[in-house]
*Asks:* 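Below is a structure I'd like to ask you about.
Order of listing sets the numbers, starting from 1, for every ligand and every atom in it.
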Amino acid sequence: MSSNAGKLLDDINNLKAEIETNIKTAKEESSLEEIRLSALGKKGKLTSILKGLASLSPEEKSEIGKAANELKSYVENELSAKKESFEELYYEKLAKDEWYDVTVFPPRFPEGFLCSKERGRIHPISITQNRLEEIFTSMGFSILDGPQVETDFHNFGALNFTDDHPAREMQDTFYTEQNHLLRTHTSAVQARGLKSLKPPMRIIVPGRVFRYEEVDASHEHTFYQMEGMIIDKEVSVSHLLFLMHTLLDEIFKRKVEIRLRPGYFPFVEPGFELDMRCLVCGGDGCPVCKKTGWVEVLPCGLVHPNVIKTGGLDPEKWQGAAFGLGLNRLVMMEHGIEDIRYFQNTNMSFLTQFN
Ligand code: PHE
């Protein structure tokens, strides 16, 4: 190898050692880019070393070229490893500086934290939801969850709503640009349950749902439901009614007056609306019961064979019952709350009354 080539190799090795020290001693992420530019940039040290290539033989050129490429990838790797270690340090420091124990009361926050010194509370809807979950799990039900941003198939198609079915208009909602939608009911999880569990099965699905609604004392765009579904060899309306009674008795701990009306939902046959006597006004008529004295809390019915079939089961072998409890309305009846808008409100004097 000529002495020129030898010198270039030495220069490359020296540059490597220099960069190594620079990376090792770098104190912050922003200096990494400087190191990279001064070594590998257009006006960097490697470029000026490689100017010496012109006087070399083709074999030497390729040897030095190889060494230069190795240096490049070595430096890139070292820089990205160092960058990662800066990130790790950052998060370690964050975890140390901003750590606090959420289970300690009164809370001890790091200095400079703005926060309420009051103990957090459980939302009235969650309180009732938790109670219902206990009741249903004690009867052998599993609790299922599903996405709030749903496909048209799960929210409508699998529930026997054809594309042009007028019943879709009863549940208008918000669509994303990718044609997903905010689920209008927890029934959207029925097909997921049917597909993922083996019959016989009993499930409840508590969760948040959305409608494109004119908001008033009894309508919200965002509210909560609890779906229930049982699938077994023989399921009848009397099983359904037993479930409904158990549920209401447990919640209200007293006899509540109910009535059953035919109700239409494409995914049940027969379908019912179960109303209860309005407990806000005692049946005299108020904004919550739209002056009728009755409140719809429990639409329900026997699962339509098409739903069972779409769920992958044989409707000749399996039958089902389902209900869709309106959690907000139930909680309103439970506590005599006269306006559904309170639930989404941050009004502390409302929210702190329940536990
Ligand atoms: N998903 C229906 C609604 O939100 C309620 C329902 C559930 C009706 C299950 C029947 C059976 O309006």
*Asks:* Measure across K61 and L56 and return the closest heavy-atom pair with its distance rounded to 0.1 Å.
*Replies:* CE-O, 3.7 Å
*Asks:* Taking side chain to side chain donor-acceptor pair (under 3.5 Å) as the definition, give me every residue that meets it alongside E70, ordered by chain and number, with sequence neighbours left out.
*Replies:* none
*Asks:* Report the part of F267 (side chain from C-beta onward, or backbone N, CA, C, O) that has a heavy atom under 4.0 Å from ligand 1; answer both or neither where that applies.
*Replies:* side chain
*Asks:* Please list the nearest protein heavy atom to atom 12 (O) of ligand 1 with its residue and the distance rounded to 0.1 Å.
*Replies:* Q171 NE2, 3.4 Å
*Asks:* Among all the protein's non-hydrogen atoms, which is closest to atom 7 (C) of ligand 1, and how far away is it?
*Replies:* G324 N, 3.3 Å
*Asks:* Is the closest side-chain donor-acceptor distance between T151 and H154 under 3.5 Å?
*Replies:* yes
*Asks:* Below 3.5 Å, N or O to N or O, backbone or side chain included: is there any such pair between H185 and ligand 1?
*Replies:* yes
*Asks:* Do you know the tightest heavy-atom contact between F272 and G301?
*Replies:* CD1-CA, 4.2 Å
*Asks:* Does a side-chain N-to-carboxylate-O contact under 4.0 Å join E78 and K24?
*Replies:* no
*Asks:* Taking 4.0 angstrom as the limit and counting only heavy atoms of R211, give me the atoms of ligand 1 inside it, by number and element.
*Replies:* 3 (C), 4 (O), 12 (O)
*Asks:* Assess whether a salt bridge exists between D163 and R168, defined as any Lys/Arg side-chain N lying under 4.0 Å from an Asp/Glu carboxylate O.
*Replies:* yes
*Asks:* Before signing off on this row, confirm whether Q190 and ligand 1 have an N or O atom pair separated by under 3.5 Å.
*Replies:* no
*Asks:* A side-chain contact here means heavy atoms from C-beta on lying under 4.5 Å apart; do Y175 and H180 qualify?
*Replies:* no
*Asks:* May I ask whether A322 places a heavy atom under 4.0 Å from ligand 1?
*Replies:* yes
*Asks:* Which heavy atom of the protein is the closest neighbour of atom 5 (C) of ligand 1, given with residue, atom name and distance?
*Replies:* P299 CG, 3.5 Å
*Asks:* Check ligand 1 against S187 and write out every atom of the ligand that is under 4.0 Å from a heavy-atom position of the residue.
*Replies:* 1 (N), 7 (C)
*Asks:* May I ask you to check whether F267 and H185 place their ring centres under 6.0 Å from each other?
*Replies:* yes
*Asks:* For ligand 1, find out whether one of its N or O atoms is nearer than 3.5 Å to an N or O atom of T184.
*Replies:* no
*Asks:* Under 4.0 Å, counting heavy atoms only: does E273 come that close to any atom of ligand 1?
*Replies:* no
*Asks:* Would you mind telling me if ligand 1 is within reach of the side chain of Q225, the backbone, both or neither, using heavy atoms under 4.0 Å?
*Replies:* side chain
